[in-house]
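Notes follow the structure.
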Amino acid sequence: MSDKIDQQEEQSITRRFVAGVEYNGALFKGWQKQKHYAGPSVQEALEKAISRVANHTVDVVCAGRTDAGVHASAQVIHFDTSAVRDERAWKLGINTNLPDGVCVNWIMPAPQDFHARFSAVARRYRYFIMNKQVKPGLMHDGVSWWRRPLDAEKMHEAAQYLLGEHDFTSFRAKDCQARHAVRTMKYISVKRLNDWVIVEVCANAFLYHMVRNIVGVLLPIGEGKKPVEWCEQVLAAQDRRQAGVTAPGEGLYFVNVEYPEYPHLPIDGTGPAFYQFMSHAEG
């Protein structure tokens with residue numbers, strides 16, 4: 001009788017779990033589930049799978065919401081549950097119930113004060129451009145293609161104007177719902193690896209379409225159609241109409257989240273997997 005009571009008490013305790021997720025954004029209509037169904041979302045897929053394992057409805061919170069077509073190699077989520085499962089059971093059970101194109105790489109208990117979004121101090125993205133005359137046959141939905149030659153060094157020079165705290169109104173989409181456009185850019189680089197041009201950005205937070213709009217400004221600079229200083233001029237204008245196009249979503253990957261207060265989290269910020277191979281080959 002005592003064991004039964006102890007088991008019931010244990011099942012009434014709510015625990016928080018944190019997990020690392022990767023997904024192919026080409027298969028989803030973005031991270032966030034929609035009130036009116038417009039296609040599958042990553043959030044919905046995860047909530048259904050976790051709820052099935054937990055045997056009760058579970059809500060999932062992520063570190064950073066991604067747009068339709070945008071991928072993630074190191075998205076971080078948290079959820080609360082009263083279900084009693086070990087880490088192996090959670091991981092195997094969730095992955096068994098997930099559709100193709102999304103998986104949980106790791107999962108572990110988290111302190112109750114951990115929050116996937118609000119505990120994060122920075123997010124990092126990588127944008128991959130296949131820069132050659134012929135469009136890629138493989139990975140056509142996993143990279144962006146630009147047929148005209150790009151000068152990655154000029155793009156990198158221009159990008160440095162964005163470092164620091166600025167009002168990024170010129171780089172936010174008109175549908176952005178953020179209360180303000182002030183963000184702190186901690187790191188930004190552009191480099192070439194053979195036919196690839198890779199843009200990497202790290203900021204405390206991002207606005208809707210912010211990374212893709214930054215790439216949209218850097219592309220004409222890389223082509224030589226705009227001077228390096230144009231990036232600074234666009235930033236200072238605080239006017240989206242003064243900027244360039246929004247670069248396609250398929251080249252963008254959410255690759256890392258920083259949680260200084262939780263250094264034990266096994267987040268692998270070196271992804272996606274093909275980039276790890278490219279970087280190793282370069283070295």
- [ ] For the pair Gln276 and Thr270, evaluate side-chain hydrogen bond (donor to acceptor under 3.5 Å, both in side chains) and give the outcome as yes or no after the intermediate values.
- [x] CA-CA 6 Å; Gln276 296 174 7; Thr270 62; 2.9 Å; yes
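- By the criterion of side-chain heavy atoms lying less than 4.5 angstrom apart, applied directly or through intervening Ile, Leu, Val, Met, Phe, Trp or Tyr residues, Ile221 is grouped together with Ile214 in one hydrophobic cluster.
- Contact record, Val143 with Glu250: O-CG, 3.2 Å, taken as the closest heavy-atom pair.
- Hydrophobic clustering places Ile267 together with Phe114 (ILVMFWY residues linked when any side-chain heavy atoms are closer than 4.5 Å, directly or through intermediates).
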Open item on the list: Under the criterion side-chain contact (heavy atoms from CB on, under 4.5 Å), I'd like the reasoning laid out for Gln233 against Tyr161: C-alpha separation, chi angles, the key distance, then a yes or no.
Closed with: CA-CA 9 Å; Gln233 295 166 8; Tyr161 287 115; over 6 Å; no
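- The aromatic rings of Phe79 and Phe17 lie parallel to each other, with less than 30° between the two planes, well short of the 60° mark.
- If you chain together hydrophobic residues whose side chains sit under 4.5 Å apart, Val70 and Tyr275 never meet in one group.
- No donor-acceptor distance shorter than 3.5 angstrom exists from the side chain of Asn55 to the backbone of Ser51, with no hydrogens or angles considered.
- No option in Val211, Val215, Val234, Leu207 other than Val234 meets the side chain to side chain contact (heavy atoms under 4.5 Å, CB included) test with Phe171.
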TODO: For side-chain contact (heavy atoms from CB on, under 4.5 Å), just list the numbers for Val121 and Tyr259, CA-CA rounded to whole Å, side-chain angles, deciding distance to a tenth of an Å, and then say yes or no.
DONE: CA-CA 6 Å; Val121 300; Tyr259 297 103; over 6 Å; no
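- Note: Phe168 and Phe206 fail the aromatic proximity criterion, with ring centroids not under 6.0 Å apart.
- Other residues, nucleotides and ligands contribute over 12 non-hydrogen atoms within 6.0 Å of the NZ atom of Lys132.
- Of all the heavy atoms in Cys231 and Leu218, the pair that sits closest is SG-CD2, 4.4 Å.
- Note: Asn131 CG to Ile198 CD1 = 11.5 Å, rounded to the nearest 0.5 Å.
- Environment of CG in Asp175: crowded, with over 12 heavy atoms of neighbouring residues, nucleotides or ligands closer than 6.0 Å.
- Taking the six-membered ring where the residue is Trp, the centroids of Trp196 and Phe274 are separated by under 6.0 Å.
- Trp230 places a side-chain heavy atom less than 4.5 Å from the side chain of Val217.
- Between the side chain of Arg123 and the main chain of Cys202, no donor-acceptor pair closer than 3.5 Å is present.
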Donor-acceptor pairs under 3.5 Å, side chain of residues 21-33 to any protein atom, not counting sequence neighbours: which ones?
from, atom 1, to, atom 2, distance (Å)
Glu22, OE1, Asn105, ND2, 3.0
Tyr23, OH, Thr66, OG1, 2.7
Tyr23, OH, Gln75, NE2, 3.2
Asn24, OD1, Ala26, N, 3.0
Asn24, OD1, His71, ND1, 3.3
Gln32, OE1, Arg65, NH1, 3.0
Lys33, NZ, Glu47, OE1, 2.7

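- The shortest distance between side-chain heavy atoms of Arg85 and Val53 falls below 4.5 Å.
- To the nearest 0.5 Å, atoms NZ (Lys91) and SG (Cys103) are separated by 8.5 Å.
- No donor-acceptor distance shorter than 3.5 angstrom exists from the side chain of Asp167 to the backbone of Val182, with no hydrogens or angles considered.
- The side-chain contact (heavy atoms from CB on, under 4.5 Å) check on Asp151 picks up Glu153, Lys154, with sequence neighbours excluded.
- Looking only at distances, a side-chain donor or acceptor of Asn204 sits under 3.5 Å from a matching main-chain atom of Thr184.
- Taking CZ of Arg172 as the reference point, atom OH of Tyr208 lies at 12.5 Å (rounded to 0.5 Å).
- Classification of Asp239 and Arg241 as a salt-bridged pair holds, one side-chain N sitting under 4.0 Å from a carboxylate O.
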TODO: In sequence, state the C-alpha distance, the side-chain angles, and the governing distance for His166 and Met185, and then conclude on side-chain contact (heavy atoms from CB on, under 4.5 Å).
DONE: CA-CA 8 Å; His166 301 285; Met185 185 69 70; 5.6 Å; no
Open item on the list: For Glu165 and Arg183: C-alpha separation, side-chain torsions, deciding distance, then whether salt bridge (Lys or Arg N to Asp or Glu O under 4.0 Å) applies.
Closed with: CA-CA 6 Å; Glu165 184 179 89; Arg183 297 292 185 270; over 6 Å; no
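- Within a 6.0 Å sphere centred on CZ of Arg117, other residues, nucleotides and ligands contribute 12 heavy atoms or fewer.
- A distance of 10.0 Å separates CD1 of Ile50 from NE2 of His56, quoted to the nearest 0.5 Å.
- Tracing side-chain contacts under 4.5 Å through hydrophobic residues (I, L, V, M, F, W, Y), one never reaches Val199 starting from Tyr187; they form parts of separate clusters.
- For the pair Pro111 and Arg16, the tightest heavy-atom approach, listed with the atom from each and the gap, is O-CD, 3.7 Å.
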Open item on the list: Assess the residue pair Tyr253 and Phe128 against the criterion (ring pair (Phe, Tyr, Trp, His ring centres under 6.0 Å)); give the C-alpha distance rounded to whole Å, side-chain angles, the decisive distance to 0.1 Å, and a yes or no.
Closed with: CA-CA 8 Å; Tyr253 290 75; Phe128 295 87; 5.4 Å; yes
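- Atoms CD1 and CZ, on Ile94 and Arg52 in that order, are 13.0 Å from each other to the nearest 0.5 Å.
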TODO: Apply side-chain hydrogen bond (donor to acceptor under 3.5 Å, both in side chains) to the pair Glu223 and Trp146, showing each step before the final yes or no.
DONE: CA-CA 10 Å; Glu223 281 190 36; Trp146 201 260; 2.7 Å; yes
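- One distance of note links CG of Asn194 with CE of Met130; it measures 10.0 Å at 0.5 Å rounding.
- When all heavy atoms of Pro109 and Glu87 are compared, the closest pair comes out as CD-OE2, 3.3 Å.
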TODO: May I have the step-by-step check of salt bridge (Lys or Arg N to Asp or Glu O under 4.0 Å) for Arg212 and Asp67, ending in yes or no?
DONE: CA-CA 10 Å; Arg212 293 166 59 187; Asp67 308 333; 3.4 Å; yes
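- Shown here for Ser170 and Ala243, the closest heavy-atom pair between the two residues is O-CB, 3.5 Å.
- Counting only distance, with no hydrogens or angles, the side chain of Gln160 and the backbone of His156 share a donor-acceptor pair below 3.5 Å.
- By the 4.5 Å heavy-atom criterion applied to side chains, Leu150 and Met155 are counted as neighbours.
- Closest non-hydrogen pair, Ala83 versus Ala54, comes out as CB-O, 3.6 Å.
- A salt bridge links Lys48 to Glu44: at least one charged side-chain nitrogen sits closer than 4.0 Å to a carboxylate oxygen.
- Side-chain contact between Val61 and His115: present, with at least one pair of heavy atoms (C-beta onward) separated by less than 4.5 Å.
- Residue-environment remark: CD (Gln177) stays at or below the threshold of 12 foreign heavy atoms within 6.0 Å.
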- [ ] Check the pair Phe254 / Arg126 against side-chain contact (heavy atoms from CB on, under 4.5 Å), numbers first and verdict last.
- [x] CA-CA 7 Å; Phe254 186 103; Arg126 294 189 179 104; over 6 Å; no
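- Criterion: ILVMFWY side-chain heavy atoms under 4.5 Å apart, direct or through other members. Under it, Leu98 and Val18 are not part of a common hydrophobic cluster.
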